[in-house]
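Quick notes on the structure that follows.
Residue numbers begin at 1 in each chain, while the letters A, B, ... track the order of the sequences.
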There are 4 protein chains.
Amino acid sequence: MAAIAAADQADHGYDGDAWTAKLDAAFSALFDAPVKALWITTGTAANSIALACLCPPFGGVICHEEAHVVVDECGAPGFYTHGATLMTLPGTGAKLQVEAVRDRLALIRPDVHQVPARAISITQATEYGLVYTPDEVAALGALAHDHGLGLHMDGARFANAVASIGCHPADLTWRAGVDILSFGSVKNGGMVGEALIFFGPEAAARAAEAERWRKRGGHLLSKGRYLAAQLLAMVEDGLWLANARAANAAAQALGGAAAGRLMHPVEANELFIRLTPAEAATLRAQGFDFHDWGEGAARLVTNWSQDSASVQPMADALRALG
Amino acid sequence: MAAIAAADQADHGYDGDAWTAKLDAAFSALFDAPVKALWITTGTAANSIALACLCPPFGGVICHEEAHVVVDECGAPGFYTHGATLMTLPGTGAKLQVEAVRDRLALIRPDVHQVPARAISITQATEYGLVYTPDEVAALGALAHDHGLGLHMDGARFANAVASIGCHPADLTWRAGVDILSFGSVKNGGMVGEALIFFGPEAAARAAEAERWRKRGGHLLSKGRYLAAQLLAMVEDGLWLANARAANAAAQALGGAAAGRLMHPVEANELFIRLTPAEAATLRAQGFDFHDWGEGAARLVTNWSQDSASVQPMADALRALG
Amino acid sequence: MAAIAAADQADHGYDGDAWTAKLDAAFSALFDAPVKALWITTGTAANSIALACLCPPFGGVICHEEAHVVVDECGAPGFYTHGATLMTLPGTGAKLQVEAVRDRLALIRPDVHQVPARAISITQATEYGLVYTPDEVAALGALAHDHGLGLHMDGARFANAVASIGCHPADLTWRAGVDILSFGSVKNGGMVGEALIFFGPEAAARAAEAERWRKRGGHLLSKGRYLAAQLLAMVEDGLWLANARAANAAAQALGGAAAGRLMHPVEANELFIRLTPAEAATLRAQGFDFHDWGEGAARLVTNWSQDSASVQPMADALRALG
Amino acid sequence: MAAIAAADQADHGYDGDAWTAKLDAAFSALFDAPVKALWITTGTAANSIALACLCPPFGGVICHEEAHVVVDECGAPGFYTHGATLMTLPGTGAKLQVEAVRDRLALIRPDVHQVPARAISITQATEYGLVYTPDEVAALGALAHDHGLGLHMDGARFANAVASIGCHPADLTWRAGVDILSFGSVKNGGMVGEALIFFGPEAAARAAEAERWRKRGGHLLSKGRYLAAQLLAMVEDGLWLANARAANAAAQALGGAAAGRLMHPVEANELFIRLTPAEAATLRAQGFDFHDWGEGAARLVTNWSQDSASVQPMADALRALG
């Protein structure tokens with residue numbers, strides 16, 4: 001909020017302001033490499049524009065069948081790519097396995113009747129809160145580039161993944177072959193706005209095309225400085241990582257309290273636990289908020305404003321369920 | 001060829017000719033109901049335009065994961081629908097099971113984050129040569145209409161299905177809830193051109209929209225009379241059904257000769273058989289032509305110019321393999 | 001800013017919050033009719049989604065050749081409508097003349113070779129700061145509806161137009177045949193976010209479709225309450241009109257000072273004046289900010305934070321130029 | 001017809017047949033340069049696919065306001081380019097003037113708010129039967145390439161233009177900077193099918209992309225050999241030019257007979273003449289067929305099956321009108 005208030009003064013419109021001008025440098029410092037960085041209004045737009053930069057309308061994007069781009073974006077990737085195909089694969093914990101991708105690629109005939117794969121998209125951390133290690137990303141990156149495909153990372157929870165692994169952000173991105181990263185901010189405490197980060201030799205050309213999509217998609221806010229200011233506040237002093245560490249710690253505390261109920265390992269800031277309707281009712285009666293996850297299960301998401309201490313009451317309540 | 005030669009004279013261009021004007025009546029007679037009928041250059045275009053009439057860009061089409069629209073059209077449905085999602089389901093013999101469709105529909109949340117299903121598409125006969133019975137189509141039709149979905153039938157081999165079942169063409173279409181049929185001609189002996197048949201109260205409105213897609217897709221041939229003439233020649237004297245019966249009989253003859261090798265029942269004019277590379281080589285050395293189907297299998301397609309007698313040599317050769 | 005700060009607390013995400021829920025009622029009160037109201041991130045997105053609700057991909061939108069949708073949105077309407085045609089017409093001051101529209105409609109053949117018009121889009125106030133009177137809008141509305149077309153109003157400066165005329169907002173919208181209004185907020189003092197207002201019997205259906213486009217275009221902010229809160233703050237206590245009156249008064253003050261230089265009448269909050277490069281330099285040397293407008297002309301825009309008093313120094317400077 | 005009959009035998013499907021394989025060589029010989037050549041079902045599809053190869057969705061195509069791509073294709077270019085903008089210019093006889101194009105280009109700001117021009121499209125001969133000389137094409141070609149634009153030629157009547165000028169086909173295409181040519185066949189005597197010809201260093205890449213569009217647009221006929229056979233019959237023995245010369249000669253004969261009525265010079269196979277309704281009725285009563293062209297005018301098109309002798313009766317009738 002302070003960053004926004006500071007930006008509440010006249011400046012050049014759209015993306016011509018002083019805050020926006022600093023994004024490339026701020027993210028280049030963060031990633032220890034020259035990158036191009038654009039603010040984007042939402043994660044759905046960021047993902048879709050990234051895929052439009054990597055995949056032509058007649059191409060395909062290999063991704064997990066439970067990926068956010070498949071399940072929760074109302075077909076936005078199909079909109080921005082003008083009809084590219086999402087080629088979905090199964091896999092535990094919404095993680096894409098390199099072997100499964102290799103097998104899928106081998107099935108595609110090169111003739112014009114079949115859609116050629118042109119990109120791979122992974123979510124870090126995944127929709128089930130699992131984290132790809134740098135080696136896992138690198139294996140997908142190598143496979144992608146061997147086949148002439150681009151690699152996109154949906155990093156709505158990228159900060160949580162970096163905090164979880166404790167690596168340098170470069171290790172999970174350009175060093176591992178990622179071409180474009182959707183860098184999440186809102187799930188990590190921002191108000192409005194995510195970033196698209198472009199790596200490698202094609203970064204400038206792709207970012208220039210993405211600027212067209214941003215405008216054409218109606219995302220070029222006239223007061224874009226508010227978004228840029230938020231992003232700078234996130235990354236310039238390490239706030240993004242501090243927020244993510246707090247959320248992860250809270251998740252670990254809850255995970256420890258619900259160890260017997262876990263459906264997936266707790267590696268970031270999400271927990272999926274078995275929970276009967278009666279148990280769910282008991283928790284809600286105590287004022288705790290969470291998502292139902294089908295029959296007999298629940299999804300708990302911790303955030304930047306929490307830590308292991310602040311979730312202690314819920315941890316206690318979970319333990320009390322037995 | 002004779003029909004084309006007869007049409008080789010000046011007339012009004014595009015779809016203003018005397019042949020085109022007869023299509024509605026000819027197909028209405030065939031289906032024993034008032035229908036709208038358009039000639040369309042290819043099956044891919046016919047399927048895609050049909051789906052564009054049934055499904056908005058933000059909607060989804062439930063279909064089999066091995067359907068022609070999914071596997072062999074280079075994403076044409078995504079092009080004509082402007083990015084609608086093909087929601088694929090597994091199922092033996094490329095047949096869509098009503099229970100699987102019902103389960104899939106139950107998983108879709110009504111909120112705007114998820115793509116709503118708007119149509120079901122089935123292939124008759126399927127990509128593995130299986131035939132939906134009238135009851136099976138009707139069950140899918142009822143499910144579709146209960147959920148406000150349209151039902152499209154890719155009938156590239158529709159004639160073979162009708163010939164196989166021995167029913168009235170109405171029983172497999174409008175009486176069973178089919179809204180739009182891609183009526184195949186080329187696989188059944190035509191040179192160029194298929195038909196789109198529109199059934200029910202929305203037939204006229206959808207056909208009017210399809211005429212826009214036909215032009216906008218670049219399919220409104222200036223000499224469309226050649227296509228119309230072929231279709232009329234097919235349906236006015238029962239040639240379509242005679243051709244299909246011949247092809248089916250040839251398939252039965254081959255199926256009888258390869259009974260122990262069949263991977264799917266032979267219900268139309270396609271056979272999928274187990275065949276080692278050595279066996280395949282033996283057949284090819286005798287001059288027989290067929291498609292490899294992965295490792296150790298082959299796909300045989302019979303056509304309108306054959307019958308049980310003309311395929312006797314190949315049947316004998318199959319028997320001789322043991 | 002205060003409205004945003006008040007919304008800075010947890011609530012249901014996306015459009016499920018308490019602020020968003022009040023929009024329909026707040027705008028229905030404003031327009032004295034039951035309307036549907038959606039927050040939309042930008043004016044470009046609002047205009048494009050409105051046109052997508054009124055015009056199919058194979059249709060056309062009649063608009064002025066200098067309209068914002070034509071000149072300054074990088075083809076966003078073509079993106080959201082999937083390729084609909086903008087049918088542009090000339091006209092003084094970027095106003096669409098009813099006779100010119102009627103003549104254009106008469107030229108379109110009804111066959112499938114030509115793109116059928118399906119909507120008219122006008123900008124209120126226009127790109128040159130002119131205002132359509134209620135009668136002028138009503139004449140276009142009647143023409144549109146006689147031909148089965150929808151009428152869209154790009155109201156980025158709608159508040160200025162209402163303030164200028166002194167009429168009820170209904171007189172410029174639904175009473176005059178407007179189907180969808182892009183209700184501007186950012187140019188009138190908002191931080192982020194405009195509104196789409198749907199009138200008439202098709203309002204609910206179109207708004208439901210627009211909600212799909214909003215999500216599919218990546219505009220469904222997870223913290224949409226910030227946008228809704230701004231819009232409510234604008235309209236609930238008349239702030240929108242007070243802001244516009246202030247801006248208009250400032251424009252009048254400047255217009256009075258530059259009467260001999262005016263290229264268009266001053267009817268809202270924009271002035272287009274003849275200004276030599278030397279004169280422009282003189283003004284800039286005194287600290288005044290404005291846009292060059294080709295050779296020897298300038299565009300001055302006043303805003304909500306100004307009034308006739310606050311622009312007095314610039315008015316004096318203009319007079320001093322002689 | 002003979003060419004089609006010769007192709008009426010089994011071969012590999014789609015574009016894998018012997019006829020299709022000869023197209024590159026046949027057209028390379030014709031144009032005296034290595035080209036890539038694809039058969040395409042219709043001129044509308046050929047033009048649209050060509051533009052899709054030259055212009056991204058956010059780009060623009062400069063063309064004449066009366067060009068076929070603008071007026072008579074129901075927005076097909078917008079469909080295949082996914083919403084690119086047709087930037088139309090006026091000009092006598094539907095000819096694009098190099099100065100007008102230069103002025104238009106100068107007006108486009110390079111920021112992301114405006115659609116950048118990416119291609120120029122001209123029709124040869126134009127919609128009014130006028131012919132661009134090699135120098136005129138070359139001037140447009142040079143301008144295009146100076147600005148990084150591609151140059152497309154809609155050559156539905158290309159043969160008539162070559163026959164009219166008497167130059168080598170290379171002089172009107174690659175030597176003058178044309179990147180892609182829609183080579184007309186149907187208006188010149190073919191039954192179904194046109195060709196797309198790709199010139200220059202990017203020919204192979206663009207043709208490969210065009211093959212995707214051809215399939216994705218539903219234009220990859222399974223029996224494409226029929227189209228290829230027609231094109232080969234046209235170009236291998238000079239039939240295309242002989243047909244065009246006959247049509248042009250017929251047009252000259254008519255033009256001579258109606259010299260005082262001509263609205264445009266007669267340079268190819270079209271005449272636009274002033275003709276009162278009474279005069280039109282007189283001609284029609286004698287059995288002559290032509291198109292009305294608004295009030296008091298008519299459009300006469302001669303074709304390959306005519307020559308100056310065969311149109312003598314109509315020429316006489318025109319003279320008799322006085």
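- When every heavy atom of D:T44 is checked against every heavy atom of B:G218, the shortest pair comes out as CG2-CA, 3.8 Å.
- Remark: D:C74 SG to B:E211 CD distance equals 10.5 Å, nearest 0.5 Å.
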Quick one, B:H219 with D:H219, criterion ring-ring contact (aromatic ring centres under 6.0 Å, His included). Give me CA distance, side-chain angles, the key distance, then yes/no. CA-CA 8 Å; B:H219 289 283; D:H219 288 283; 3.7 Å; yes
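- In this pair, B:F79 and D:F79 present their aromatic rings parallel. The plane angle is below 30°, not in the 30 to 60° band.
- Annotation: maximal heavy-atom pairing with chain B below 4.5 Å, among D:A46, D:A76, D:S48, occurs at D:A76.
- Rounding to the nearest 0.5 angstrom, the gap separating the NZ atom in D:K215 from the OG1 atom in B:T42 is 6.5 Å.
- No other option in D:R216, D:K187, D:H82, D:E73 has as many heavy-atom pairs under 4.5 Å with chain B as D:R216.
- The part of D:D72 that comes within reach of chain B is its backbone (N, CA, C, O), which places non-hydrogen atoms under 4.5 angstrom from that chain.
- Taking D:A45, D:G75, D:G43, D:G217 one by one and counting their heavy-atom pairs under 4.5 Å with chain B, the maximum is reached by D:G217.
- Atom-to-atom distance recorded for D:L220:CG and B:T41:OG1 is 12.0 Å, nearest 0.5 angstrom.
- Top candidate by heavy-atom pairs under 4.5 Å with chain D, chosen from B:I40, B:N47, B:L221, is B:L221.
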